[in-house]
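As structure tokens, the structure follows; a few thoughts come after it.
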Amino acid sequence: MHMANELLSIPVAAGTLAIAAASLGFICRKAKQIITSDKLALMGILGAFVFAAQMVNFQLPAMPGTSGHILGAVLLAIILGPHAAAIVIASVVIIQCLIFQDGGLLALGCNIINMALVPSYLGYFLYRTVTAGPFNSLRVYIGSVLACVITMQVSAALIPIEAALSGVLAVPFSTFLITMLGVHLLIGLVEGLVTVAVLSYLQQVRPDIVVDSLTGKVRLSRKAVLTTLAVFTVVVGAGFSLLASNLPDGLEWSYAERPDQPGFETAVSNDDSTIAAVDDFQSKYSLLPDYSRRGSTIGETGRDGAESSAGWTSFAGVVGSAVTCAVIWLTAWLLRKKQSVKV
């Protein structure tokens, strides 16, 4: 669901970037009050897990030409709360853009809004609405799935709106919107199942690690739970990422590329020279474009790393997860330190 630069006009890109930056500034001020020492490591490891999980594109059932990946925002909002979740997912999106060229530089504001801010807060609200009242495991799981499906639909709908505001659609708005909603309904269902699986694990071993504590018996120490999450992150980033589908994701399939339909014409037309220049800049300076090795030295345009060995994908998964964990931990530590100094 990472938007490319070509989906936006410069004014819309600038406006959404300003909105995202202002929102994150406000959220960071709020988050200072709820980030404890126990949350520092958890935020970092969960951010690394989401980074690794987003590398694993799975082929969508009944749709042979496309794939999808989870967002992870609802899962993190349930565990960490919406403020911390928004910071973590926004950090993931920024790292993906700057280091791995996953999402356009001009589209960074939209991607933060669509993938981090809206899903974290809307997903948490929906989950809490369904699970209000005495604890019930079934409500927790139903609430998780519904929150994932609905937030995925809303996030998917925002992209056609942003593209339409940019004036780049070459097809009717309704066509792009309906296609996006249909594809991402399936992705939302899969994300809901993944969210339920993680919450079920935490309920069995350490229910109090969730911000709105689940009911259950503590069977593992906090350190042991963090260790298992870290190990699984490495397994996903280094191993499962090798099994990821090479098919275009739901967004790319909706407007740009359909291997199952050779005659498909792109649904977007954007010949802005600034967009092309930014794309070229990203290609020149991304360290591991498309989670693979560069085909040229930094600052030069050359072939991409599509033909590099699978080892580079595993390397990107592990390094990206580690960098994500470190950046999130440092961000959370700085926010907590400022709050301590203020107090």
Residue that, paired with V154, satisfies side chain to side chain contact (heavy atoms under 4.5 Å, CB included) out of L122, V149, L181: L122
Whether F100 and F51 hold their rings parallel, tilted or perpendicular, with breakpoints at 30° and 60°: tilted
Does some side-chain heavy atom of V225 sit less than 4.5 Å from a side-chain heavy atom of L229? yes
With R258 via salt bridge (charged side-chain N to carboxylate O under 4.0 Å, His left out) - residues at least two apart: none
Might you confirm whether atom CZ of F26 has over 12 heavy atoms from other residues, nucleotides or ligands at distances under 6.0 Å? no
Parallel, tilted or perpendicular: ring planes of W333 versus W329, cut at 30 and 60 degrees: parallel
Any side-chain heavy-atom pair of I89 and L71 under 4.5 Å: no
Decide yes or no for L117 and I19: does some side-chain heavy atom of the first lie under 4.5 Å from some side-chain heavy atom of the second? no
Under the criterion side chain to side chain contact (heavy atoms under 4.5 Å, CB included), which of T215, V210, L214 is the partner of V140? L214
pair L42-L226: side-chain heavy atoms closer than 4.5 Å: yes
Minimum heavy-atom distance between G143 and V130, given as atom pair plus value: CA-CG1, 3.6 Å
I need the E252 CD to T266 OG1 distance, nearest 0.5 Å. 11.0 Å
With the side chain counted from C-beta on, respond yes when L98 and L105 share a heavy-atom pair under 4.5 Å apart, and no when they do not. yes
Would you give me the side-chain donor-acceptor pairs under 3.5 Å for residues 192-201, sequence neighbours excluded?
unit_1 : atom_1 : unit_2 : atom_2 : d
T195   : OG1    : E191   : O      : 2.9
Y201   : OH     : T228   : OG1    : 2.8

In sequence, state the C-alpha distance, the side-chain angles, and the governing distance for D279 and N5, and then conclude on side chain to side chain donor-acceptor pair (under 3.5 Å). CA-CA 7 Å; D279 282 336; N5 293 319; 2.6 Å; yes
Return yes if a side-chain donor-acceptor contact under 3.5 Å exists between T16 and E162, otherwise no. no
Could you tell me whether Q261 atom CD has more than 12 heavy atoms of other residues or ligands within 6.0 Å of it? yes
Separation between CD1 (I150) and CG (L126), nearest 0.5 Å, reads 5.0 Å
In one Ile/Leu/Val/Met/Phe/Trp/Tyr side-chain cluster, 4.5 Å: V211, V205: no
Quick check: do I34 and L80 have side-chain heavy atoms less than 4.5 Å from each other? no
I want to check something: taking the side chain as every heavy atom from C-beta on, are L247 and P259 in contact at a cut-off of under 4.5 Å? yes
Report yes if some heavy atom in the side chain of V74 is under 4.5 Å from a heavy atom in the side chain of S144; otherwise report no. no
Testing the basics here: between V318 and A238, what is the closest heavy-atom pair and its distance to 0.1 Å? CG2-CB, 3.7 Å
Counting only heavy atoms not in F58 (residues, nucleotides, ligands), do more than 12 fall under 6.0 Å from its CZ? yes
